[in-house]
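Shown next, in structure tokens, is the structure this report addresses.
When a ligand or atom number is given, it counts from 1 through the structure's own listing order. Index from 1, following the sequence.
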Amino acid sequence: MGNNIEGKVVVITGASSGLGEATARRLSEEGATVVLGARRLDRLKTLVSEITGKGGKALAKATDVTQVAEVKALVDAAVKTYGRIDVIINNAGLMPQSPLERLKIDDWDRMIDVNIKGVLYGIAAALPYMKEQKSGHFINVSSVAGHKVRRGGVVYAATKHAVRVISEGLRQEVKPYNIRTTVISPGAVATELPNSMTEPDLAEGMQKFYEETAIPADSFARAVVFAMSQPEDVDVNEILFRPTRQEL
Ligand SMILES: NC(=O)c1ccc[n+]([C@@H]2O[C@H](COP(=O)([O-])OP(=O)(O)OC[C@H]3O[C@@H](n4cnc5c(N)ncnc54)[C@H](OP(=O)(O)O)[C@@H]3O)[C@@H](O)[C@H]2O)c1
């Protein structure tokens with residue numbers, strides 16, 4: 001257990017692309033068993049084949065994080081198959097940004113459902129097991145937008161601020177159970193996230209910003225490795241990172 005990752009059972013939501021996919025690969029290389037949830041089961045299955053083809057252990061389960069029962073089923077599957085859950089990475093998210101005056105209420109609802117409720121459902125699913133085990137690690141994904149609000153991205157920023165608040169509150173509450181909590185706030189990382197923009201005129205600018213600024217998804221995976229690989233009595237609570245070339 002030299003790296004404190006080998007042998008751990010790690011549930012990752014939003015593992016079908018971007019940060020979740022890169023993290024599944026990286027953690028598997030470090031010896032973790034990964035349990036992958038997202039809606040696109042075909043993509044998860046391809047990733048599982050890749051990982052198991054290299055000798056790793058991985059399981060895929062179709063999961064919509066807006067459905068509390070599906071998130072619970074994902075975590076239950078991890079425990080049923082591998083006997084425990086050591087880490088849950090509440091990563092699934094979307095970013096359909098637009099100014100409030102455009103009244104994109106469906107987008108607001110989806111961001112609240114996935115980015116906030118999805119994280120809470122992950123906590124609800126994993127916490128009882130981690131309490132019982134008296135060990136575990138929550139890794140929640142916020143954003144630079146969880147630290148700064150900018151016009152045009154208010155609701156996304158609100159959801160990512162919420163993730164930080166939930167993570168800090170969780171940190172305090174799980175002290176009696178020897179559970180670690182980390183919130184990771186990335187800047188622009190090259191993933192499919194800009195594709196979740198729904199306003200074509202704004203999507204163009206966002207794509208351009210990502211093309212010019214974003215860094216590879218493994219940057220996030222390395223942050224996860226850093227937090228996980230600390231000795232169990234070290235709890236890395238917050239990581240904020242950006243591309244060196246990103247100003248705000
Ligand atoms: N990339 C960045 O620059 C950046 C910066 C800061 C924060 N983040 C955060 O990082 C997280 C991951 O995003 P990403 O950049 O990797 O984007 P991405 O490539 O678009 O990945 C998003 C993931 O979330 C999943 N997802 C979306 N809705 C879901 C739902 N209802 N149920 C289950 N899974 C769902 C998607 O899978 P399915 O579509 O298959 O369900 C996909 O696997 C998000 O929380 C995002 O806000 C990203």
Side-chain angles (χ1 to χ4, degrees), residues 11-26 34-47 60-75 88-97 106-107 109-122 125 139-148 150 153 155-164 166-167 183-198 203 206-207 209-221 223-224 238-243 245-246 248:
V11 173
I12 306 174
T13 68
S16 60
S17 68
L19 306 186
E21 181 182 1
T23 304
R25 278 203 185 92
R26 169 64 76 148
V34 290
V35 178
L36 312 176
R39 293 164 304 173
R40 289 171 293 176
L41 186 58
D42 51 333
R43 305 247 312 222
L44 293 180
K45 281 186 169 165
T46 304
L47 184 55
K61 192 159 174 54
T63 308
D64 181 342
V65 298
T66 68
Q67 304 302 312
V68 67
E70 293 188 23
V71 184
K72 186 174 184 308
L74 174 69
V75 171
I88 183 165
I89 306 179
N90 288 308
N91 164 72
L94 72 165
M95 184 187 66
Q97 295 196 356
D106 285 351
D107 287 347
D109 285 341
R110 285 194 301 133
M111 281 190 279
I112 290 165
D113 287 346
V114 177
N115 300 2
I116 303 180
K117 288 189 186 173
V119 170
L120 288 170
Y121 294 165
I139 300 180
N140 298 329
V141 183
S142 178
S143 167
V144 162
H147 293 255
K148 282 186 187 302
R150 296 177 65 195
V155 179
Y156 181 70
T159 65
K160 292 301 181 179
H161 276 73
V163 172
R164 285 185 59 228
I166 291 163
S167 301
V183 60
I184 304 183
S185 300
V189 179
T191 67
E192 296 174 20
L193 195 67
N195 299 348
S196 64
M197 296 281 291
T198 56
M206 186 63 79
Q207 291 285 3
F209 170 71
Y210 269 74
E211 276 161 27
E212 289 171 357
T213 315
I215 50 177
D218 192 55
S219 57
F220 174 84
V224 171
E238 286 228 44
I239 298 175
L240 166 63
F241 73 95
R242 292 178 174 82
R245 54 186 166 256
Q246 182 177 348
L248 293 174

*Note the single closest protein heavy atom to atom 14 (P) of ligand 1, along with its residue, its atom name and the distance in Å.*
T191 OG1, 3.4 Å

*Under 4.0 Å from a heavy atom of P186: give me the atoms of ligand 1 that qualify, with their elements.*
5 (C), 6 (C), 7 (C)

*At under 4.0 Å between heavy atoms, which part of A190 makes contact with ligand 1: side chain, backbone, both or neither?*
neither

*For ligand 1, is there an N or O atom under 3.5 Å from any N or O atom of G187?*
yes

*Are R40 and E21 close enough for a salt bridge, meaning some N to O gap below 4.0 Å?*
no

_Below 3.5 Å, N or O to N or O, backbone or side chain included: is there any such pair between S143 and ligand 1?_
no

_Which residue and heavy atom of the protein sit nearest atom 25 (C) of ligand 1, plus the separation_ = G14 CA, 3.6 Å

*Between V144 and ligand 1, which part of the residue brings a heavy atom under 4.0 Å of the ligand: side chain, backbone, both or neither?*
neither

*Applying a 4.0 Å heavy-atom criterion (strictly less than), which segment of R43 is in contact with ligand 1: side chain, backbone, both, or neither?*
neither

*Please work out whether any backbone atom (N, CA, C, O) or any side-chain heavy atom from C-beta onward of Y156 is under 4.0 Å from ligand 1, and answer side chain, backbone, both or neither.*
side chain

*For ligand 1, which atoms have a heavy atom of A15 less than 4.0 angstrom away?*
43 (O)

*Do L94 and ligand 1 have an N or O pair less than 3.5 Å apart?*
no

_Nearest non-hydrogen protein atom, atom 35 (C) of ligand 1_ = A92 CB, 3.7 Å

*asked:* Counting non-hydrogen protein atoms only, what is the nearest one to atom 29 (C) of ligand 1? Give residue, atom name and distance.
replied: R39 NE, 3.6 Å

*asked:* Could you identify the single nearest non-hydrogen protein atom to atom 33 (C) of ligand 1 and state the distance to 0.1 Å?
replied: T63 O, 3.2 Å

*Please write down residue, atom name and distance for the protein heavy atom closest to atom 37 (O) of ligand 1.*
S16 OG, 2.9 Å

*Can you find an N or O of L19 that's nearer than 3.5 Å to an N or O of ligand 1?*
yes

*Nearest heavy-atom neighbours spanning A217 and A190*: CB-O, 4.1 Å

_Which segment of V114 sits under 4.0 Å of ligand 1 when only heavy atoms are counted_ = side chain

*Do E70 and K61 come within less than 4.5 Å of each other through their side chains, counting heavy atoms only?*
no

*So which protein heavy atom does atom 12 (C) of ligand 1 come closest to, and at what separation?*
N91 OD1, 3.2 Å

*What closest approach, in Å, do Q207 and N195 show between heavy atoms, and which atom pair accounts for it?*
NE2-OD1, 3.0 Å

*What residue and atom, counting heavy atoms only, is the protein's closest point to atom 18 (P) of ligand 1, and at what distance?*
S17 OG, 3.4 Å

*Nearest to atom 48 (C) of ligand 1 by heavy atom, T213, L193, I215: which?*
L193

*Going through the checks in order, is the side chain to side chain donor-acceptor pair (under 3.5 Å) test met by D107 and T198?*
CA-CA 8 Å; D107 287 347; T198 56; 2.4 Å; yes

_Are the side chains of P186 and R242 in contact, using a 4.5 Å heavy-atom criterion?_
no

_Option with minimal heavy-atom separation from atom 31 (N) of ligand 1, where the choices are L41, D64, T23_ = D64

